[in-house]
Amino acid sequence: MRGNFISRRILQRFRHLAISSVGSVKMKLLLCCCIAFTFVLIAGRAASFMAWTHHHDSLRHFPTPRKGYTILINTWKRYDLLKQSISHYASCAGLESIHIVWSEPDPPSDSLREFIWRTIKSNSRDGKDIELRFDINKEDSLNNRFKEIKDLKTDAIFSIDDDVIFPCTSVEFAFSVWQSAPDTMVGFVPRSHWVDKSKESMEYYTYGGWWSVWWMGTYSMVLSKAAFFHKKYLFLYTNQMPTSIREYVAKNRNCEDIAMSFLVANTTGAPPIWVKGKIFEIGSTGISSLGGHNKRRTQCVNKFVGEYGRMPLVSTSVKAVDSRNSLFW
């Protein structure tokens, strides 16, 4: 009897040891899994940080769209700036076509055409075949930059001046934002308006530049010097926008960008979207550098309000930021 009792005690101890060993193995396995997960998480965060600092690598996160965008570039006798600008944008992933708005009395020279064509061929991504068109206009008018183009290859237009450059990563991000809201304007240069309460006899509006946007934290326009919009607005600007507005723009040689903002806002009833992006100014002169610029822009705003019979612009404080390329959101 005693021998059997001792045998049972020994068996029970072996069982306890076995259970303890299995529990220990489970604990070790669980600990290993936690350590491995921690390393994976740290590696992922490090990869994200690298994407913020290496712009060319982060560009690969944007899949090349099946139907990209057309660059509509406005220029006037600044051939060096035009060459520099097109040389840069030709390397952007989503670019399908380049239309140069040409309003000079003489047509573009063969040497300029050849240089730009060779530049596009040499700088396009993976030898992509990018269309190049000069849209020749007989008269010199700021309305030419929004003249209807009937055979555009894309729905998306990226309207750009020849003296500003944005990194391709910023352009591709703005394009992705536009794809989420294709009826509105998506751009890099915000502007604002507000009611001037000093004019007690009537509702009078004031145009606000960049410092007004910065101070108030709101905006109601994005300028077409760097903005995406749908090609249908070229048709609407040319054929359905009040003729008096186009005549005013042509006569005063200003405010075609404000007119486009009014047109889009009147059509959608929605505000534009400002995309944060680093801008490189490669030109030194322009309409905005002239004295009394904001005063003339204020006159345009009130003229257009009168033509529409109301204020269609909608203010907002929303800003689209590509968090992969920003240390601070």
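Just the heavy atoms: all of them, side chains too, but no hydrogens, waters or symmetry mates, feed the values below.
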Exercise. Heavy-atom count around W214 CH2 within 6.0 Å, excluding the residue itself: above 12?
Worked result: no
Exercise. Are there more than 12 heavy atoms of other residues, nucleotides or ligands under 6.0 Å from atom NZ of K278?
Worked result: no
Side-chain donor-acceptor pair present, [X], [Y], cut-off under 3.5 Å:
X	Y	value
N143	E256	no
E172	Y69	yes
T154	T70	yes
D162	T75	yes
S220	R191	no

Contacts of [X] that satisfy ring pair (Phe, Tyr, Trp, His ring centres under 6.0 Å) - sequence neighbours left out:
X	answer
F166	F188
W76	none
W210	W274
F134	W102

Problem set entry | Pairs satisfying disulfide bond (SG atoms under 2.5 Å apart), at least one member in residues 204-255, at least two apart | C255-C300
Contacts of type side chain to side chain contact (heavy atoms under 4.5 Å, CB included), residue [X], not counting sequence neighbours:
X	result
D80	none
F115	K83, R118, T119
T268	D183, Y233, V264, A270
P182	W178

Can you confirm whether [X] sits close enough to [Y] that some side-chain heavy atom of one is under 4.5 Å from a side-chain heavy atom of the other?
X	Y	value
I282	V164	no
E203	V195	yes
I160	Y89	yes

Can you list everything that forms a side-chain hydrogen bond (donor to acceptor under 3.5 Å, both in side chains) with [X]? Sequence neighbours excluded, please.
X	result
S87	N123
S192	none
E131	S97

Problem set entry | T206 backbone acceptor or donor facing D196 side chain under 3.5 Å |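 No: the side chain of D196 does not pair with the backbone of T206.
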Exercise. Do the side chain of Y237 and the main chain of A259 share a donor and acceptor less than 3.5 angstrom apart?
Worked result: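 No, Y237 side chain to A259 backbone: no donor-acceptor pair under 3.5 Å.
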Exercise. Is E96 salt-bridged to K128, cutoff N-O under 4.0 Å?
Worked result: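 A salt bridge is present here (some side-chain N lies under 4.0 Å from a carboxylate O).
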For this session: May I ask you to say whether D161 pairs ionically with R145, meaning some side-chain N is under 4.0 Å from a carboxylate O?
Result: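 Looking at R145 together with D161, the answer is yes, because their closest N to O distance falls below 4.0 Å.
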Exercise. Does the separation of the ring centres of F158 and F175 fall below 6.0 angstrom?
Worked result: no
Problem set entry | Residue pair H193, Y205: steps toward the ring-ring contact (aromatic ring centres under 6.0 Å, His included) verdict | CA-CA 7 Å; H193 79 282; Y205 297 92; 5.7 Å; yes
For this session: Run the numbers on S103 and D140 for side-chain hydrogen bond (donor to acceptor under 3.5 Å, both in side chains), then give the verdict.
Result: CA-CA 5 Å; S103 301; D140 175 22; 4.7 Å; no
